[in-house]
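Remarks on the structure that follows.
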Amino acid sequence: MAKGEEEEQKEVSQGLFFDLSQFDLEVHVREALGTALLLSEGNPLNAGHLLNSAIIASYKTSSSAFSKWASFFPGLGRNYFSTGKPISRSEINSLPVNSFLAASFETAKAFFRENVEIWGRDYITLALLAIGDVSLNEIAFAANLSLQSLRDEWFRFVSSDKTSGNHRPWAQWWRAQGLQVPDESGDVSPPADLEEERQSATYLLTWNPKRHPAGYLSKKVAQFEEQGELIMRWSVGDHGIKRGDRVFFMRHGDSQPGLIGAGDIASDIVKGPHWDETKPANWVSYYAEVRWEVLQELPLIPLPELVQQTGEEKLWTETGSGLPIPQKLAQKLEILWKESSLSNAQKNLSSSTSVNQAAAAVAVGGSITPQRPEFSHTVELPEVAPPQSQQPAATSSEQEQPKPTGAPEPAITAPRPPDAWMLSDRPLEDRFAEQDRFQFRDYASALATILDHEKTETPFTMAINAPWGAGKTTLANMIAEQLQQRPKDRGHAPHIICWFNAWMHDDAPNLATAFVSEVGRTADLHRTGFRRIVNPLPSALLEPSSRNWRRIILGTLILLPTILVWLWVGSHLQRVEQYKKYEASKSEPYQITTTVTKDALGKTTSSEAKTQNKFDPKLPVPTEPFVPNKVDRFLENFQSRMILLGAFFTALAGLLGLLAKVFTSTPLGGFVQSPDKAAEAGAIQSAEKQLKKLISQATWRGNRFVVFVDDIERCKLLRSIDVLDAVNQLMDHKGVVVVLLGDMSAVAAAAQLKYKDLAEIFVPSAGIALTASDRGKEAFGRLYLQKIVQFQFDLPIPPTTKIREYLKQLAATPQPEGGRNG
Amino acid sequence: MAEPKQNAAPDPRNPYWQLFSLIISIVVLSAVWFYLIGLLDYIELLRDSSIVKVLQYGIAGLFLALGTYGAFLQFFELRAAAQARQANQKVAEAFNQIKNRTPDKNVAEISTREVAASLKDAKIGDEQLGRLVEQRKQQLLIDDEYFREELSSLIVDYLQPLPRNTKRLLNRFRVNLLIAHSRGLLISEPKVTAQQIGKWLVLMERWPQLGRSLSAAPEKMKVLEEQAVHPAPTKSSPPQPDPFMESITALAPPYLGDEDLRKFIHSQPGVAVVVPRLVHYGAAELA
């Protein structure tokens, strides 16, 4: 915009106010106005502020007009903005606005007189018909429509929506603003789907991921995506459903409930055995073939939104399949479904309004993405038609005008930026049934069965081998979950799981000691309280914070009795002293003190002072004759030897401290503190025995101790072999299972390098017919690994088709998935 | 210290006796605390002080309350475990009944509904029952001696039967059998049998390069099986073409001339029909 025009607009804008005090504002409108003031940041309100505030308010309110308005902007993220406070009554008579909005308001007032309550649709129309307001260009751009099309669409909505009772003469309002009424020649025809009287009924089918086989729906969705349509047999209940009826598909469960599909019944209803195998054999279900026109794994309309938009909750949370949806609700649902489908289809597009830019920034985790400049100033638009002569004077400066009927609408060609949210590569940690895209659950189940099986001999070391990023940690998480769940189902104690990330401890002076410490700490947590007190974990194995806590507790345990003894002794001595004074006061009421002084000339003078020999009245007066016992005599002797008394208590505290230290120092602690010295002193065997004792005490209920060692190949060169050596030397106990996760070829290469001198002259026999290709450079390393790793599971890389499906799902997933760590 | 019994011994504690003994211990310990804190009264400064009373009742009361709470938590945990053990026992019995009734039935084909029908009075939740049945099936699958015998003969014939390698191959076999079971390969057409899994494993172990080539092009297995039917041509002049060895040359040249391979491919059961399924469920991990 030229500078002159800006100044002109500024001048026109100054001093203009809305006075809405003569009207009743619907609560949604008051809320939206509050938000608009927030958006305007103190500047006069323009149409864009009002219309953006209506979008934002639609997320929080149940206004159908606002919801409809928001549906024009499918690319906008939701819930990213807080709405402003509803505007107060004192504010509504002085709302600062720009001239275009003021002019629009003047026109609108004529239509408001008939019905003084201003609704959401009035609010939007008022802003949308603010002729000449350049902020409307941004709005139209965000909606991916021309401004005229947007107004036309809005006109069709307000004039056809019967829920409002059609309370305004919309066509007149349009004409009053000098705008062409869509379909001027005749009645505006509302969209067919609104007018059409449904002949068929609508029903709700349900699916609960918890009660169906894992991955079942994933397969069906994949099939649907591949073929473009899908006919699927489903339980439809016995509520009068018939061929041709419309159905929606509801996903239940704790995680991401909502509508995931829509279609119609393509067959007659048939009776069959109940789909749930756990039900008695004589139970039946009613089935029909359902032709899905939309089917996806994650909700198109999440449950909270569905409840908010439809005002219905009970029906959506009923678990029975095939419940009828009342007609009015069904109509509302159809509209909502269409809007959401459109929104989903355009998900990859986003608008350029500041609202959307901020939404994108929030969606990528709060970081500010490179923002496009404000549309109204810099985005290149096609030339728009010059102002028409028949426009009202108030709109002489506006940049766009409605075109004559039939004139082509200038198309906005500025490209939309893609959605800017990011995906984390964190492994899955929970909700495996829903998020397991590559059916890792099958591998996890097989491996957990083996590790949990009572006949599996321990100690047992296995490896899960795969390149980086293939999903080893996810698989390990699944195995760990099953290793805890499976024994529980049988009424046994769950296996103990210990995690050690070799890479995270790569900076530790010795990886083996870090490993032993982690194992020791985990084992300690599962020992009984009695064991932990009687046989505490060596201090060297504790984390610094735990070590400090232990010091505090031990210090308290030493100091507290010392202080108590001191208090007891002190009070005893005080009692004796008190008695003595009391006795003295009875025999000699006064004590005479003689003071002799000598002056400078050598003359001496003496004076006598007489003081009353009395006891402390605050202390209790002895009532019985005092007969000192042995303790009194003993303490009396010490009274004059306070230094000795202090030394006694110091020695007592020191002795207790020394005992505590001796108590918590063990060969295992020695190994952790200095493994080399321990090795020289032959203490490794003792350390190993002690670790064995710890693990035995932890697995006292017959469960197993399963250690997952992750990222073993990511350590510095050769350090992975330290861990393997530690596993080999120190974890050789019954009940111990070690699962190594990593790219084992890298570990084999490290072993090859560590023992390169030996590897050059010696190729150990594998016991199987080695071929020339198998006798590669890493033969020694691989065979070394075989010595330690008894079973290696090579995690298959998912086939390309699966990866393709996964990408599709990722594109449609509203939130990145994942769990704990990388 | 005695070694714990691995995974076979459930927690032997009786929940009711455990609750009783814990409550008694907690009451006694609370009384001890009460008495010990009362000794503070011997300190002149604290004699007849309300602080001692507050400490006595506060600490001993807190100990009593927390201890009782913990005892009941443990009681509920132990009781749930006892019920789960009972459920597991009943499921095992139901399985035995079904096996006795239909000895030829594949374990993988026993459904939860069948087991549920045998458990008339058992109060087991649907989810727990499903998991227990699945666990039982998996255990029975890998316990089956028949599979082991089949595999043993293959190992003896085609691999160097060192104890360690035999054990490793058995481990792999069990894991792959379980994966095949989880993915329904044992009951859906074309059914994969344990013998076929075993044969595929041996092939991957003894002729890994050929295994990798076949994983990339599973349809080649059918060709190989057809060609292996014909014996190796006798030495003659001019030399007779040997289509089997020509295929081997293309797929895995190092095994050219390995007559064991021809014999192995020719042996029953054939795996050509199921190789695509074996590869799909992860046969590559056997390499």
Side-chain angles (χ1 to χ4, degrees), chain A residues 210-211 273 276-281 439 441-443 445-447 449-450 452-455 458 465 485-493 564 567-568 570-572 574-575 619 693 696-697 699-704 734-735 766-769 771-774 786 790-791 793-797 799, chain B residues 1 3-11 40 42-45 80-88 111-113 116-117 126-132 134-135 138-139 142-143 159-160 162 164-165 167-168 171-172 174-175 178-179 182-183 205-206 208-209 254-255 280-282 284-287:
Chain A
K210 281 188 179 171
R211 297 183 62 194
D276 189 346
E277 288 190 340
T278 59
K279 301 291 181 203
Q439 291 175 287
R441 199 175 175 77
D442 296 332
Y443 305 134
S445 173
L447 294 171
T449 303
I450 296 289
D452 174 53
H453 200 288
E454 60 185 24
K455 290 182 186 169
T458 55
N465 174 41
Q485 184 61 47
R486 294 170 71 95
K488 265 193 206 167
D489 284 338
R490 300 194 305 269
H492 294 188
L564 287 176
L567 280 173
W568 176 74
S571 64
H572 198 91
Q574 201 175 24
R575 191 169 69 87
L619 292 172
K693 192 173 167 188
S696 299
Q697 289 173 352
T699 55
W700 61 280
R701 289 184 291 175
N703 44 353
R704 287 187 175 144
K734 204 166 184 184
I768 55 171
T771 64
S773 62
D774 291 328
Q786 277 192 12
Q790 290 149 52
F791 173 66
F793 177 75
D794 296 328
L795 180 62
I797 306 299
Chain B
M1 164 169 248
E3 288 290 339
K5 286 183 184 175
Q6 284 315 310
N7 203 33
D11 197 336
L40 289 175
Y42 281 88
I43 296 172
E44 288 293 341
L45 286 175
Q83 286 167 349
R85 280 199 298 277
Q86 228 171 8
N88 188 41
S111 69
T112 311
R113 185 180 293 173
D126 291 352
E127 281 186 31
Q128 193 194 4
L129 178 64
R131 289 200 296 263
L132 283 175
E134 188 56 28
Q135 278 198 37
Q138 289 172 329
Q139 286 199 346
I142 55 175
D143 279 352
L159 299 177
Q160 228 177 326
L162 291 180
R164 179 177 286 173
N165 295 323
K167 282 195 278 186
R168 281 168 196 273
N171 285 343
R172 288 181 182 183
R174 288 196 184 107
V175 169
L178 287 169
I179 295 171
S182 294
R183 299 219 163 155
E205 187 74 48
R206 166 87 186 261
Q209 198 173 333
Y255 311 131
H280 181 69
Y281 78 74
E285 78 264 26
L286 306 174

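Residue numbers begin at 1 in each chain, while the letters A, B, ... track the order of the sequences.
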Pairs of heavy atoms under 4.5 Å with chain A: top-ranked of Ser182(B), Ala80(B), Ala87(B): Ser182(B)

Closest non-hydrogen atom pair, Arg168(B) against Phe791(A): NH1-N, 4.3 Å

May I ask you to test the Ile450(A)-Asn171(B) pair for a side-chain heavy-atom distance under 4.5 Å? no

Hey, what do you get for CG (Leu447(A)) to CD1 (Ile179(B)), rounding to the nearest 0.5 Å? 6.5 Å

Whether Gln139(B) side chain and His453(A) backbone form a donor-acceptor pair below 3.5 Å: no

Reference residue Arg486(A); test side chain to side chain contact (heavy atoms under 4.5 Å, CB included); the match among Glu134(B), Gln138(B), Arg131(B): Gln138(B)

Exam field: side chain Arg490(A) to backbone Asn88(B), donor-acceptor pair closer than 3.5 Å: no

Check Gly491(A) against Arg85(B) and note the closest heavy-atom contact, atom names and distance. O-NH1, 3.1 Å

Could you give the distance from CZ (Arg183(B)) to CZ (Arg441(A)), rounded to the nearest 0.5 Å? 12.5 Å

Smallest heavy-atom separation, Ala84(B) atom then Asp489(A) atom, equals CB-O, 3.5 Å

